[in-house]
Amino acid sequence: MNGVFKRVLVVSVGKTNSLSLNHSQNEFSMLLKEINLQVVAYFSQDLDSIEKSTYIGKGKLKEIAFFCLTHNRNHPLERIDFVACNFELSGLQKKNIEEVVGAEVIDRTFVILDIFEQNARTREAKAQVEIARLSYLQNHLVDEKAYYSQVTSGTGQNRGKGEKQIELSRRQISKAILKKKKELSSIKLSRRNSRRRRINNPIPKVCIVGYTNAGKSTLLNRLVKLSKEEKTVVEKDSLFATLETSTRAISVYGYPTFFLTDTVGFISELPIYLIDAFRSTLEEIKEADLLVQVIDLSDPFMEKEIETTLEIIKDLEADQIPMINLYNKYDLMGGPVNFLPKENEMLVSLLDEEDVIESLKFIISNITKNWEKTQLLLPYSVDFASFSKENYVINYVEKENGILYNAYLNPSFSYKYLNKN
Ligand SMILES: Nc1nc2c(ncn2[C@@H]2O[C@H](COP(=O)(O)OP(=O)(O)OP(=O)(O)O)[C@@H](O)[C@H]2O)c(=O)[nH]1
Ligand SMILES: [Mg+2]
């Protein structure tokens with residue numbers, strides 16, 4: 001984390017002292033920290049229904065305005081820079097709240113978009129975030145004459161565009177979105193080709209899914225290392241460290257090869273603009289033969305995070321794909337936990353090498369679940385290395401007229417071997 005922190009007052013909706021409000025406030029403050037915003041105060045309101053013009057009640061807004069005024073008077077060097085709403089506002093609601101509280105207002109979607117913008121590394125991720133931001137902007141214009149800067153001025157390091165005071169009307173934004181989409185489709189072409197090659201390939205495809213910061217990229221990296229490959233991906237203690245999809249072939253001696261894909265992490269209320277813009281990236285999830293959900297066991301709000309992940313998987317129409325759950329970060333639990341894993345679950349610490357091997361075995365046993373266990377005598381002319389990468393060899397004996405394998409046969413490859421028997 002670099003740069004100077006600015007100060008924010010957070011407004012959330014929820015029951016005072018409830019677990020869900022606590023979770024949502026914690027998570028939001030972590031999101032804000034990613035873009036160098038530090039929380040100085042939390043306000044919340046338990047709403048039965050939202051106030052159309054201001055989302056939360058006017059009385060609460062006046063309370064907030066009074067707090068900001070007093071705080072800024074008493075701490076002139078530590079003024080509150082923004083009021084950050086932990087929900088999505090319409091353009092008009094934002095403007096109305098600003099008028100009452102006398103400070104610039106940002107909402108949850110804006111914050112997540114800012115993090116995505118900051119973390120996008122590839123041209124594809126950058127274009128996707130730009131499309132999401134433009135769509136957000138389009139939906140938040142208060143009128144035709146609204147300025148691009150009205151929504152984008154202020155927080156992260158990427159505000160240059162806003163400061164250019166470019167006036168983008170709704171029509172102009174549509175044009176800009178179209179242009180970006182065109183650019184994106186040409187970038188996608190090469191990825192689509194390699195993806196198509198994988199789809200047509202009978203090598204099993206496994207996709208890692210889960211909440212942001214659970215350890216998904218760590219799993220990919222540890223398995224890449226086991227297969228003696230070099231091409232790792234970014235893993236770090238921050239939210240949305242991964243914004244692009246990376247696929248690696250995991251080929252560990254003694255186990256069948258499979259493709260492993262790491263992708264964007266999820267979060268509750270992931271803005272629809274981002275789901276839409278990242279849909280093609282996330283579509284890879286749909287093509288998997290097996291999903292591996294990585295869960296942060298040490299997170300007190302684990303259940304809610306699992307629920308969110310499952311909702312997004314359902315939204316992506318990938319909920320029919322078999323899934324196993326790795327409850328990760330066991331090392332942070334400080335001793336045994338009261339948790340009985342089900343058949344498709346496992347407790348692990350991906351920082352522990354033995355657990356990484358156990359995770360690999362668990363993935364393999366689930367990939368090969370429906371492969372037929374066979375004894376097969378193959379002549380020496382059949383390549384040993386290919387056979388053991390395509391199938392799961394339990395053991396083998398060298399005989400006079402060939403090798404006698406005890407193996408689980410990948411049904412997509414069996415045609416190559418059964419007629420040689
Ligand atoms: N203590 C502990 N830390 C872990 C473990 N597994 C991963 N981490 C750490 O958790 C942080 C997040 O890991 P990542 O693999 O980047 O998480 P991710 O799920 O890819 O996160 P996003 O890309 O943001 O969605 C990193 O600092 C990891 O080193 C574990 O078993 N124990
Ligand atoms: Mg990651």
Side-chain angles (χ1 to χ4, degrees), residues 1 27-28 30-35 111-122 124-125 128-129 206-226 231-248 250 260-271 274-275 278 281-282 284-285 291-302 304-306 308-310 312-313 316 323-337 339 341 345-360 362-363:
M1 189 77 46
E27 186 174 84
F28 196 46
M30 272 154 68
L31 289 169
L32 291 165
K33 200 168 141 214
E34 295 288 335
I35 52 167
V111 171
I112 296 179
L113 280 169
D114 234 27
I115 300 173
F116 269 62
E117 190 170 277
Q118 186 174 278
N119 293 356
R121 282 172 291 266
T122 60
E124 183 178 19
Q128 285 171 320
V129 178
V206 178
C207 193
I208 311 170
V209 293
Y211 217 71
T212 180
N213 210 37
K216 299 179 296 300
S217 301
T218 308
L219 174 65
L220 180 101
N221 284 343
R222 301 302 136 115
L223 292 177
V224 161
K225 281 210 180 107
L226 268 190
K231 281 160 73 185
T232 52
V233 296
V234 173
E235 75 181 58
K236 65 173 182 175
D237 192 13
S238 76
L239 304 180
F240 301 115
T242 305
L243 291 188
E244 42 285 310
T245 296
S246 308
T247 300
R248 303 284 184 269
I250 305 294
L260 186 63
T261 298
D262 175 30
T263 190
V264 189
F266 303 150
I267 197 159
S268 60
E269 291 155 68
L270 189 64
L274 282 170
I275 298 193
F278 278 77
T281 301
L282 292 167
E284 298 229 2
I285 295 175
L291 300 180
V292 179
Q293 183 184 189
V294 179
I295 297 157
D296 182 348
L297 181 68
S298 71
D299 193 311
F301 300 100
M302 175 181 89
K304 173 108 181 48
E305 296 175 356
I306 296 174
T308 299
T309 302
L310 297 183
I312 296 173
I313 301 249
L316 294 168
M323 175 149 83
I324 56 174
N325 295 337
L326 294 182
Y327 287 86
N328 187 31
K329 308 199 186 181
Y330 181 53
D331 56 295
L332 295 180
M333 302 306 286
V337 292
F339 180 87
E345 299 175 338
M346 189 182 244
L347 287 181
V348 290
S349 166
L350 290 171
L351 300 187
D352 181 298
E353 208 171 316
E354 272 179 32
D355 278 10
V356 175
I357 295 170
E358 287 308 313
S359 305
L360 170 71
F362 193 42
I363 292 172

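Order of listing sets the numbers, starting from 1, for every ligand and every atom in it. On a predicted model such as this, the values are computed, not experimentally measured, just so you know. Along the sequence shown, residues carry numbers from 1.
- For the pair Asp355 (side chain) and Leu350 (backbone), a donor-acceptor distance under 3.5 Å is absent.
- In Ser298, neither the side chain nor the backbone holds a heavy atom less than 4.0 Å from any atom of ligand 1.
- Here's the thing with Leu350: one of its N/O atoms is less than 3.5 angstrom from an N/O atom of ligand 1.
- Taking atom 27 (O) of ligand 1 as the reference point, the nearest protein heavy-atom neighbour is Asp237 N, 3.2 Å.
- Looking only at heavy atoms of the protein, atom 17 (O) of ligand 1 is closest to Gly215 N, 3.2 Å.
- The closest donor-acceptor contact from the side chain of Thr212 to the backbone of Phe240 lies under 3.5 Å.
- For the residue pair Phe362 and Asn325, the shortest heavy atom distance occurs at CE2-O, 4.3 Å.
- Nearest protein heavy-atom contact of atom 10 (O) of ligand 1 is Lys329 NZ, 3.2 Å.
- Polar contact with ligand 1: absent for Val264 (N/O pair, distance under 3.5 Å).
- The two atoms that bring Ala120 and Leu243 nearest to each other are N-CD1, 3.6 Å, heavy atoms only.
- Taking all atoms of both residues into account, the shortest heavy-atom contact from Met323 to Leu310 is CE-CD2, 3.1 Å.
- In terms of N/O distances under 3.5 Å, ligand 1 is approached by Phe240.
- Between the side chain of Asp296 and the main chain of Lys329, no donor-acceptor pair closer than 3.5 Å is present.
- Of all the heavy atoms of Asn328, the ones lying under 4.0 Å from any atom of ligand 1 belong exclusively to the side chain.
- At the top of the distance list for atom 2 (C) of ligand 1, counting protein heavy atoms only, stands Leu351 CD1, 3.4 Å.
- Nearest protein heavy-atom neighbour of atom 1 (N) of ligand 1: Asp331 OD2, 2.9 Å.
- Contact detail for Ile312 and Ile267: the closest heavy-atom pair is CD1-O, 4.0 Å.
- What sits closest to atom 25 (O) of ligand 1 on the protein, heavy atoms only, is Lys216 NZ, 2.8 Å.
- With a 4.0 Å cut-off on non-hydrogen atoms, Thr218 touches ligand 1 through its backbone as well as its side chain.
- Distance alone, capped at 3.5 Å, places no donor-acceptor pair between the Arg248 side chain and the Leu220 backbone.
- Atom 11 (C) of ligand 1 has its closest protein heavy atom at Asn213 OD1, 3.5 Å.
- Ion pair Glu353/Lys225 not flagged as a salt bridge, since none of the NZ, NE, NH1 or NH2 atoms sits closer than 4.0 Å to an Asp/Glu carboxylate oxygen.
- Nearest approach of Val348 to Ser359, heavy atoms of both residues: CG1-OG, 3.5 Å.
- Distances shorter than 4.0 angstrom occur between a heavy atom of Ala214 and an atom of ligand 1.
- A donor-acceptor pair under 3.5 Å links the side-chain atoms of Lys216 to the main chain of Tyr211, judged by distance alone.
- The protein non-hydrogen atom at the shortest distance from atom 16 (O) of ligand 1 is Lys236 N, 3.0 Å.
- Here the protein contributes Ser217 OG, Thr242 OG1 as N, O or S atoms under 2.8 Å from the Mg ion (ligand 2).
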